[in-house]
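This report refers to the structure that appears directly beneath it.
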Amino acid sequence: MIIELTSAELTADSRLDDYTRLKDVKLRSKIEPERGLYMAESANVIERAIRAGHRPRSFLMSRRWLPTLDKLIEAATGARDGADVPVFVADEHVLEQMTGFHLHRGALAAMQRPVLPSLDGLLATARSGEPARRVVVLENLVDHTNVGAAFRSAAALGVDAVLVTPQCADPLYRRAVRVSMGTVFQVPWTRLDSWPGDIATLQGAGFTVASLALSDDSVSLDEFASLPALQGPAARLAMVMGTEGDGLGWRTIAACDYTVKIPMDHGVDSLNVAAASAVVFWATRGIGAS
């Protein structure tokens, strides 16, 4: 149903609560998982979420975007007016008053958060129903931009799944989704329950687990990618990337099979985790290929 909003109506409908205080990262990071929702911003991201089978709770947009989005609304709800799903429409100044920022991408959708798979289930089916060959673990990343960028690189460079540790930033937070260009809906992922204990689960499933870190026994990425254990169609690799400030925890490094470093020039010791993930995904793209 299409619902026209005016500034006087901003607090009249409890369904609008999903859209308030969107710039409050601490608040939204808490309430969105609790409410079982996430925000999709822009027509492209909304389209990718719908194509992934995610269900909208409601839509919010400026009037001029409604003709552009009516086919997406129909695809998600079965009707161009949204049927039983509210489609809130308002002038741009009203939207800014409600959300706390200028909605220059035209539209938002409050989407129902999907149920995450178990680790075992994900590893068994991540490659279009086939077992995963390459996965990445994001350990305790706090910056949603870095999480989104890592997902985008994973999608572009053929990583089968992303695993996030219990304290890692939410991949479905609005900024992460936007930076990923919606690839968080394409790359299978789940949140781990026990870290770094889950390293043993990965090893038990046949994965060579490599931490990306600087240490006395680190091997270069080039050398690592050419190891005999990583050759042939049976090879399976899990890459562990650390938090932006302190890097990987020592327990994580100790539990992994290898510690790997990216060779650097000009006295640079490390890359931002988003850049490092792209380099590592590219260098290991042949692992597990038949």
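As a basis for the values below, the full set of heavy atoms in this structure was taken, side chains included, without hydrogen atoms, waters or symmetry mates.
Side-chain contact annotation: Ser58 with Tyr19, donor-acceptor N/O pair under 3.5 Å present. Between the side chains of Thr208 and Asp257, not a single donor N or O lies within less than 3.5 Å of an accepting N or O. Side chains of Thr284 and Arg134: a donor on one and an acceptor on the other come within 3.5 Å.
In this structure a side-chain-to-backbone donor-acceptor pair under 3.5 Å is present from Ser277 to Ala274.
Side-chain contact between Glu92 and Arg64 is present, with at least one heavy-atom pair separated by less than 4.5 Å. Here the side chains of Val137 and Met239 are not in contact, with every heavy-atom distance at 4.5 Å or above. Inter-residue side-chain proximity for Ile199 and Thr252 is flagged as met; some heavy-atom pair is nearer than 4.5 Å. Put simply, the side chain of Met241 does not reach to within 4.5 Å of the side chain of Glu139, judged on heavy atoms. Thr243 is not listed as a side-chain neighbour of Leu138, based on a closest heavy-atom distance of 4.5 Å or more. For the pair Val209 and Val240, the minimum side-chain heavy-atom distance is below 4.5 Å.
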Fill in: Working for ring-ring contact (aromatic ring centres under 6.0 Å, His included), residues Tyr38 and Tyr173
CA-CA 6 Å; Tyr38 70 89; Tyr173 183 71; over 10 Å; no

Fill in: Working for side chain to side chain contact (heavy atoms under 4.5 Å, CB included), residues Ile3 and Val89
CA-CA 6 Å; Ile3 302 172; Val89 177; over 6 Å; no

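Atom CG of residue Asp81 and atom CD1 of residue Ile2 lie 5.5 Å apart, to the nearest 0.5 angstrom. For the atom pair CD (Gln167) and CH2 (Trp195), the distance works out to 13.5 Å, reported to the nearest 0.5 Å. To the nearest 0.5 Å, atoms OG1 (Thr145) and CZ (Arg178) are separated by 7.5 Å. Here the CZ atom belonging to Arg236 is positioned 9.0 Å from the CG atom belonging to Asp160, to the nearest 0.5 angstrom. Taken from CG in Asp70 to CG in Leu72, the straight-line distance is 8.5 Å, to the nearest 0.5 Å. For the atom pair CG of Leu248 and CG of Asn140, the computed distance is 9.0 Å after rounding to the nearest 0.5 Å.
Follow the hydrophobic side-chain contacts under 4.5 Å out from Val135 and you never reach Leu157; the two are in separate clusters. Residues Met181 and Ile46 fall into different hydrophobic clusters, defined by Ile, Leu, Val, Met, Phe, Trp and Tyr side chains chained together at heavy-atom separations under 4.5 Å. If you chain together hydrophobic residues whose side chains sit under 4.5 Å apart, Leu116 and Val136 fall into the same group. In the hydrophobic clustering of this structure, Val159 groups with Tyr258; members are Ile, Leu, Val, Met, Phe, Trp, Tyr whose side-chain heavy atoms approach within less than 4.5 Å, directly or through other members.
Using a 4.0 Å cut-off between charged side-chain N and carboxylate O, Lys30 and Asp170 make no salt bridge. Looking at Arg174 and Glu32, no side-chain N of the basic residue comes within less than 4.0 Å of a carboxylate O on the acidic one, giving no salt bridge.
Around atom CZ of Arg35, more than 12 heavy atoms belonging to other residues, nucleotides or ligands sit under 6.0 Å away. The number of heavy atoms from other shown groups lying within 6.0 Å of CG (Asp84) does not exceed 12. At most 12 non-hydrogen atoms from other residues, nucleotides or ligands lie less than 6.0 angstrom from CZ of Arg51. Residue-environment remark: CZ (Arg55) stays at or below the threshold of 12 foreign heavy atoms within 6.0 Å.
Each of Leu163, Thr165, Leu119 was compared with Asp198 under the side chain to side chain contact (heavy atoms under 4.5 Å, CB included) criterion, and only Leu119 meets it.
Smallest separation of non-hydrogen atoms from Val147 and Pro171: CG1-CA, 3.9 Å.
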